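Data first, discussion second: the structure below is written as structure tokens.
Predicted model only: the values in this text are computed from it and were never measured. Numbers here are sequence positions counted from 1. Both ligands and their constituent atoms are indexed starting at 1 by order of listing.
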Amino acid sequence: MESAAIYRQQGHLIVKALFSPSEVDALSKIVDRIHGQWLNENRSSYIEQRLVNMHSLTHPRYFEQQPAERLRFFQLLSAKQLTTLLTDLFGEDLYFHNTQLFFNPYQNSRLPYWHRDMQYSPIDDADLQAEQPNMLALHIRIPLLPETGIELIPGSHHRWDTELERNVRLELNGHTNSESLPNSVLIGLEPGDILIFDAQMLHRGNYQLNPCRKALDLCVGRPHRLTLPYLDGDNLPTSAELEAIENRQWYKLARTMLIEPRQKQAD
Ligand SMILES: O=C(O)CCC(=O)C(=O)O
């Protein structure tokens with residue numbers, strides 16, 4: 001089956017060896033420095049709240065001493081082979097939304113939890129279900145270490161929950177969100193591979209199988225009224241940086257999206 005058909009059917013797609021070893025190495029060095037700063041500033045939250053990720057790795061706060069590295073990071077995140085692949089699969093109208101880094105919780109002190117990303121927003125579950133056919137919010141997982149780090153339920157991007165899935169995801173009727181669910185697949189990835197998946201499909205991490213985890217995540221999607229309010233302009237390239245980025249279309253559209261809704265409100 002061709003890649004677009006696999007994604008349409010499953011809600012996820014693995015592409016092997018998309019990034020070269022030198023690109024992975026360059027990303028890894030930048031991510032390590034950012035993660036190190038974040039950990040210095042957030043160590044108690046990391047431990048007490050059993051955090052499993054951080055977000056907004058492109059924020060200027062991580063580049064005060066290394067301004068040139070921010071541009072390099074944006075360039076690596078929009079590598080030509082990645083933007084071309086995503087355009088072939090989903091079209092031209094994609095924007096850069098944010099980045100995240102997933103890691104193991106402190107001392108593996110937490111169980112992975114099934115969820116659909118936007119269930120943690122104030123938006124009602126019924127509204128999310130109704131809008132699901134109209135939304136495209138993607139995670140592009142870029143593992144910087146080998147991992148068996150994520151579990152998905154194929155096909156759950158184009159349907160809502162079964163009764164069991166709902167009970168588990170929302171912890172209803174005595175269920176917990178860490179219970180096993182039927183028909184799930186556990187994904188193994190090597191550095192260089194990417195996993196593309198729908199942020200609203202049923203998924204959870206896996207913390208047990210990876211002695212150490214460093215999974216960079218790029219959030220890209222089509223502009224939608226439910227996701228755009230979460231776009232933070234601080235995470236986007238400045239005008240000067242934008243001019244210097246070769247494949248700038250995702251960033252350009254993101255910047256446009258920050259301006260347009262305000263203009264519409266003013267009309
Ligand atoms: O990779 C993980 O640990 C979980 C991923 C996840 O929850 C997400 O991408 O929203």
Side-chain angles (χ1 to χ4, degrees), residues 7 10-15 24 27-28 31 35 38-39 42 45-46 49-58 77 82 86 94 96-121 123 125 128 132 135-154 156-157 160-161 165 168-171 176-181 184-191 193-221 224 226-227 230-232 235:
Y7 178 85
Q10 312 276 331
H12 69 93
L13 177 72
I14 297 171
V15 182
V24 171
L27 279 169
S28 208
V31 165
H35 181 223
W38 178 86
L39 205 51
N42 296 280
S45 306
Y46 170 61
Q49 295 172 35
R50 301 176 297 166
L51 298 180
V52 294
N53 69 343
M54 61 169 289
H55 61 83
S56 302
L57 280 81
T58 58
L77 291 173
L82 181 62
L86 270 282
L94 298 177
F96 168 89
H97 187 87
N98 205 348
T99 49
Q100 306 180 83
L101 180 70
F102 286 87
F103 34 75
N104 285 340
Y106 181 68
Q107 294 182 338
N108 257 326
S109 53
R110 176 174 187 176
L111 292 172
Y113 50 97
W114 288 109
H115 61 282
R116 298 182 186 263
D117 274 13
M118 291 192 71
Q119 74 180 68
Y120 302 111
S121 73
I123 304 161
D125 212 57
L128 292 174
Q132 177 61 9
M135 283 171 63
L136 182 74
L138 297 169
H139 285 298
I140 302 167
R141 186 55 55 89
I142 306 171
L144 301 172
L145 292 173
E147 68 163 43
T148 307
I150 183 152
E151 196 174 358
L152 310 165
I153 303 204
S156 59
H157 65 306
W160 216 241
D161 307 337
E165 287 167 351
V168 167
R169 178 170 71 86
L170 301 177
E171 304 208 292
T176 60
N177 58 17
S178 59
E179 286 170 39
S180 298
L181 281 175
S184 70
V185 294
L186 197 50
I187 307 283
L189 298 168
E190 291 296 321
D193 301 347
I194 62 160
L195 166 72
I196 302 169
F197 67 99
D198 187 317
Q200 288 294 84
M201 75 188 301
L202 282 160
H203 62 281
R204 68 173 174 176
N206 186 296
Y207 317 133
Q208 297 292 336
L209 296 173
N210 309 287
C212 190
R213 189 151 180 245
K214 190 163 61 169
L216 179 61
D217 192 71
L218 179 54
C219 306
V220 167
H224 187 279
L226 295 185
T227 48
Y230 298 96
L231 175 64
D232 179 353
N235 290 319

Could you check whether the rings of F103 and H35 sit parallel, tilted or perpendicular, using 30° and 60° as the cut-offs?
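If you compare the ring of F103 with that of H35, the planes turn out parallel.
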Give me the ring orientation class for H203 and H139: parallel if the planes are under 30° apart, tilted from 30 to 60°, perpendicular past 60°.
perpendicular
Which residue in the set L77, I140, D217 passes side-chain contact (heavy atoms from CB on, under 4.5 Å) when paired with T99?
L77
Exceeds 12 heavy-atom contacts within 6.0 angstrom, atom NE2 of H55
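Result for NE2/H55: open.
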Nearest-neighbour protein heavy atom for atom 3 (O) of ligand 1, which is reported as residue plus atom name and distance
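Sorting protein heavy atoms by distance from atom 3 (O) of ligand 1 puts R213 NH1, 2.8 Å first.
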Counting non-hydrogen protein atoms only, what is the nearest one to atom 8 (C) of ligand 1? Give residue, atom name and distance.
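Looking only at protein heavy atoms, the one closest to atom 8 (C) of ligand 1 is H203 NE2, 3.2 Å.
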Residue-level breakdown please: for Y113 versus ligand 1, do any non-hydrogen atoms fall below 4.0 Å on the side chain, on the backbone, on both, or on neither?
neither
Quick test of your reading of the structure: of R141, E151, E147, whose heavy atom lies closest to atom 5 (C) of ligand 1?
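Considering heavy atoms of R141, E151, E147, the nearest to atom 5 (C) of ligand 1 sits in R141.
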In ligand 1, which numbered atoms sit nearer than 4.0 Å to a non-hydrogen atom of H115?
6 (C), 7 (O), 10 (O)
Atoms of ligand 1 less than 4.0 Å from F197 heavy atoms?
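Answer for ligand 1: 9 (O).
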Close approach of D117 to ligand 1, heavy atoms, under 4.0 angstrom
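The answer is yes: ligand 1 sits under 4.0 Å from a heavy atom of D117.
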Are any of the heavy atoms in I150 under 4.0 Å away from ligand 1?
yes
Is any side-chain N of the basic residue among D161 and R116 closer than 4.0 Å to the acidic one's carboxylate O?
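Salt bridge between D161 and R116, a charged N being under 4.0 Å from a carboxylate O: yes.
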Without swapping roles, check the side chain of W114 against the backbone of L202 for a donor-acceptor pair under 3.5 Å.
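No, W114 side chain to L202 backbone: no donor-acceptor pair under 3.5 Å.
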